[in-house]
Amino acid sequence: MTIAQCYEEVGLLLLFLSVGISIFSALEYSIEHNVPDTSFTSVPSAWWWATTSMTTVGYGDIRPDTTFGKIIAFLCILSGILVLALPIAIINDRFAACYFTLKMKEAALRQREALKKLMTNISTESDINVNLRDIYARSVMEMLRLKTRERASTRSSGGDDFW
(Lines give C-alpha, C1' and ligand atoms only; values in the text may rest on other atoms or scores of the structure.)
Protein backbone atom coordinates (compact mmCIF):
# COMPACT_ATOMS: atom_id res chain seq x y z
CA MET A 1 0.00 0.00 0.00
CA THR A 2 2.83 2.42 0.86
CA ILE A 3 4.89 1.53 -2.20
CA ALA A 4 1.84 2.11 -4.40
CA GLN A 5 1.54 5.62 -2.96
CA CYS A 6 5.28 6.28 -3.30
CA TYR A 7 5.77 5.04 -6.85
CA GLU A 8 7.06 8.44 -7.98
CA GLU A 9 9.73 8.54 -5.26
CA VAL A 10 10.74 4.94 -5.93
CA GLY A 11 10.93 5.68 -9.66
CA LEU A 12 13.14 8.71 -9.01
CA LEU A 13 15.33 6.62 -6.73
CA LEU A 14 15.83 4.01 -9.46
CA LEU A 15 16.45 6.73 -12.06
CA PHE A 16 19.08 8.46 -9.91
CA LEU A 17 20.75 5.14 -9.14
CA SER A 18 20.89 4.12 -12.79
CA VAL A 19 22.28 7.49 -13.88
CA GLY A 20 24.89 7.40 -11.12
CA ILE A 21 25.86 3.83 -11.97
CA SER A 22 26.23 4.76 -15.63
CA ILE A 23 28.38 7.80 -14.93
CA PHE A 24 30.64 6.20 -12.33
CA SER A 25 31.11 2.96 -14.25
CA ALA A 26 32.14 4.85 -17.39
CA LEU A 27 34.53 7.07 -15.40
CA GLU A 28 36.10 4.17 -13.54
CA TYR A 29 36.49 2.06 -16.68
CA SER A 30 38.12 4.93 -18.56
CA ILE A 31 40.57 5.47 -15.70
CA GLU A 32 41.38 1.84 -14.83
CA HIS A 33 41.21 -0.13 -18.11
CA ASN A 34 44.87 0.58 -19.09
CA VAL A 35 46.32 -0.48 -15.73
CA PRO A 36 48.04 -3.91 -15.89
CA ASP A 37 46.22 -6.73 -14.02
CA THR A 38 43.13 -4.60 -13.51
CA SER A 39 39.71 -5.95 -12.59
CA PHE A 40 38.04 -3.47 -14.93
CA THR A 41 38.42 -5.51 -18.12
CA SER A 42 35.09 -4.49 -19.65
CA VAL A 43 32.28 -2.00 -19.23
CA PRO A 44 29.90 -4.62 -17.75
CA SER A 45 32.45 -5.39 -15.04
CA ALA A 46 32.63 -1.65 -14.30
CA TRP A 47 28.81 -1.61 -14.17
CA TRP A 48 28.91 -4.45 -11.64
CA TRP A 49 31.43 -2.54 -9.53
CA ALA A 50 29.40 0.68 -9.67
CA THR A 51 26.18 -1.14 -8.78
CA THR A 52 27.68 -2.86 -5.74
CA SER A 53 29.44 0.33 -4.68
CA MET A 54 26.47 2.69 -5.00
CA THR A 55 24.14 0.33 -3.17
CA THR A 56 26.80 0.00 -0.44
CA VAL A 57 27.06 -3.79 -0.84
CA GLY A 58 30.70 -3.68 -1.94
CA TYR A 59 31.72 -7.32 -2.43
CA GLY A 60 35.36 -6.40 -2.92
CA ASP A 61 35.82 -8.63 -5.95
CA ILE A 62 36.50 -5.59 -8.15
CA ARG A 63 38.41 -2.60 -6.80
CA PRO A 64 40.30 0.33 -8.30
CA ASP A 65 44.09 0.34 -8.19
CA THR A 66 45.02 3.96 -9.03
CA THR A 67 44.73 6.89 -6.68
CA PHE A 68 42.38 8.77 -9.00
CA GLY A 69 40.27 5.59 -9.31
CA LYS A 70 40.03 5.38 -5.52
CA ILE A 71 38.87 9.00 -5.36
CA ILE A 72 36.17 8.23 -7.94
CA ALA A 73 35.23 5.16 -5.88
CA PHE A 74 34.87 7.32 -2.77
CA LEU A 75 32.61 9.76 -4.64
CA CYS A 76 30.59 6.83 -6.02
CA ILE A 77 29.99 5.37 -2.56
CA LEU A 78 29.19 8.77 -1.06
CA SER A 79 26.68 9.61 -3.79
CA GLY A 80 25.12 6.16 -3.39
CA ILE A 81 24.58 6.75 0.32
CA LEU A 82 23.04 10.15 -0.36
CA VAL A 83 20.80 8.92 -3.18
CA LEU A 84 19.52 6.02 -1.09
CA ALA A 85 19.02 8.08 2.08
CA LEU A 86 17.02 10.98 0.63
CA PRO A 87 13.71 9.28 -0.27
CA ILE A 88 13.57 7.23 2.94
CA ALA A 89 12.11 10.14 4.92
CA ILE A 90 9.33 10.60 2.37
CA ILE A 91 8.51 6.89 2.35
CA ASN A 92 8.51 6.87 6.18
CA ASP A 93 6.05 9.79 6.31
CA ARG A 94 3.74 8.06 3.83
CA PHE A 95 3.93 4.83 5.81
CA ALA A 96 3.07 6.64 9.07
CA ALA A 97 0.08 8.32 7.39
CA CYS A 98 -1.16 4.99 5.98
CA TYR A 99 -0.72 3.28 9.34
CA PHE A 100 -2.61 6.07 11.13
CA THR A 101 -5.46 5.89 8.60
CA LEU A 102 -5.68 2.14 9.08
CA LYS A 103 -5.81 2.51 12.86
CA MET A 104 -8.54 5.17 12.61
CA LYS A 105 -10.62 2.88 10.38
CA GLU A 106 -10.21 0.03 12.85
CA ALA A 107 -11.27 2.28 15.75
CA ALA A 108 -14.31 3.49 13.79
CA LEU A 109 -15.27 -0.10 12.98
CA ARG A 110 -14.97 -1.10 16.66
CA GLN A 111 -17.09 1.90 17.64
CA ARG A 112 -19.77 1.02 15.09
CA GLU A 113 -19.89 -2.59 16.28
CA ALA A 114 -20.10 -1.52 19.93
CA LEU A 115 -22.95 0.89 19.15
CA LYS A 116 -24.81 -1.82 17.21
CA LYS A 117 -24.41 -4.21 20.12
CA LEU A 118 -25.54 -1.54 22.55
CA MET A 119 -28.59 -0.67 20.46
CA THR A 120 -29.65 -4.33 20.27
CA ASN A 121 -29.24 -4.61 24.05
CA ILE A 122 -31.31 -1.44 24.59
CA SER A 123 -34.14 -2.65 22.38
CA THR A 124 -34.34 -5.99 24.22
CA GLU A 125 -34.02 -4.52 27.73
CA SER A 126 -35.93 -1.25 27.84
CA ASP A 127 -35.48 -0.66 31.58
CA ILE A 128 -31.65 -0.20 31.37
CA ASN A 129 -30.48 3.42 31.39
CA VAL A 130 -27.60 3.99 28.91
CA ASN A 131 -25.89 7.27 28.20
CA LEU A 132 -24.94 7.28 24.51
CA ARG A 133 -23.08 10.57 24.95
CA ASP A 134 -20.56 8.90 27.32
CA ILE A 135 -20.03 6.03 24.90
CA TYR A 136 -19.44 8.45 22.03
CA ALA A 137 -17.06 10.52 24.19
CA ARG A 138 -15.06 7.37 25.02
CA SER A 139 -14.74 6.50 21.34
CA VAL A 140 -13.63 10.05 20.48
CA MET A 141 -11.06 9.92 23.28
CA GLU A 142 -9.73 6.64 21.87
CA MET A 143 -9.34 8.23 18.43
CA LEU A 144 -7.56 11.24 19.94
CA ARG A 145 -5.28 8.91 21.89
CA LEU A 146 -4.41 7.15 18.63
CA LYS A 147 -3.75 10.49 16.94
CA THR A 148 -1.37 11.69 19.69
CA ARG A 149 0.43 8.32 19.61
CA GLU A 150 0.87 8.68 15.84
CA ARG A 151 2.27 12.19 16.25
CA ALA A 152 4.70 11.03 18.92
CA SER A 153 5.93 8.12 16.80
CA THR A 154 6.78 10.32 13.82
CA ARG A 155 8.44 13.03 15.90
CA SER A 156 12.23 13.04 16.05
CA SER A 157 14.02 12.20 19.27
CA GLY A 158 15.16 15.79 19.62
CA GLY A 159 11.63 17.11 19.98
CA ASP A 160 10.32 19.97 17.93
CA ASP A 161 13.65 21.83 17.79
CA PHE A 162 15.45 22.09 14.49
CA TRP A 163 19.19 21.64 14.31
Side-chain angles (χ1 to χ4, degrees), residues 1-114 138-163:
M1 186 161 106
T2 305
I3 297 297
Q5 290 181 348
C6 298
Y7 70 93
E8 292 173 346
E9 288 84 4
V10 173
L12 280 175
L13 171 71
L14 293 175
L15 175 72
F16 290 155
L17 270 177
S18 62
V19 167
I21 289 169
S22 299
I23 290 171
F24 284 114
S25 65
L27 274 173
E28 199 69 40
Y29 177 73
S30 66
I31 292 169
E32 296 282 331
H33 78 282
N34 289 331
V35 176
D37 296 329
T38 185
S39 302
F40 295 94
T41 56
S42 64
V43 174
S45 67
W47 269 72
W48 171 252
W49 169 83
T51 302
T52 58
S53 295
M54 282 198 77
T55 57
T56 66
V57 173
Y59 290 120
D61 55 348
I62 301 174
R63 59 180 171 73
D65 294 324
T66 63
T67 304
F68 193 59
K70 291 178 182 179
I71 292 171
I72 296 297
F74 169 74
L75 292 175
C76 176
I77 293 168
L78 183 65
S79 66
I81 290 171
L82 292 176
V83 164
L84 290 175
L86 290 176
I88 297 301
I90 297 169
I91 293 171
N92 180 36
D93 287 341
R94 297 271 174 99
F95 176 77
C98 289
Y99 184 74
F100 176 70
T101 303
L102 181 68
K103 287 296 182 184
M104 291 297 283
K105 286 179 183 178
E106 287 176 0
L109 184 63
R110 281 195 308 269
Q111 175 191 6
R112 190 174 337 143
E113 289 173 357
R138 269 188 252 129
S139 67
V140 168
M141 291 301 290
E142 180 183 357
M143 286 188 192
L144 288 175
R145 182 176 47 83
L146 283 173
K147 187 163 183 70
T148 56
R149 187 182 307 157
E150 183 265 340
R151 281 190 200 148
S153 68
T154 58
R155 199 174 293 145
S156 68
S157 61
D160 293 331
D161 299 334
F162 293 107
W163 35 301

Give me the atom names and distance for the closest heavy-atom approach of Ser79 to Met54. OG-CE, 3.7 Å
To the nearest 0.5 Å, what is the distance between [atom1] ([X]) and [atom2] ([Y])?
| X | Y | atom1 | atom2 | answer |
| --- | --- | --- | --- | --- |
| Cys76 | Ile21 | SG | CD1 | 8.0 Å |
| Arg63 | Asp65 | CZ | CG | 5.5 Å |
| Thr66 | Glu28 | OG1 | CD | 6.5 Å |
| Ser18 | Ile23 | OG | CD1 | 9.5 Å |
| Ile81 | Thr55 | CD1 | OG1 | 10.5 Å |
| Leu27 | Phe68 | CG | CZ | 7.5 Å |

Within the distance-only criterion (no hydrogens, no angle test), does the side chain of Thr38 pair as donor or acceptor with the backbone N or O of Glu32 below 3.5 angstrom?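 Side chain of Thr38 to backbone of Glu32: a pair is present.
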What do the steps show when you test Leu84 against Leu17 for side chain to side chain contact (heavy atoms under 4.5 Å, CB included), and what is the final call? CA-CA 8 Å; Leu84 290 175; Leu17 270 177; 3.8 Å; yes
So does Glu106 pair up with Lys103, basic N to acidic O under 4.0 Å? yes
Run the side-chain contact (heavy atoms from CB on, under 4.5 Å) test against Ile62 and tell me which residues pass, sequence neighbours left out. Ser39, Phe40, Ser45, Trp48, Trp49
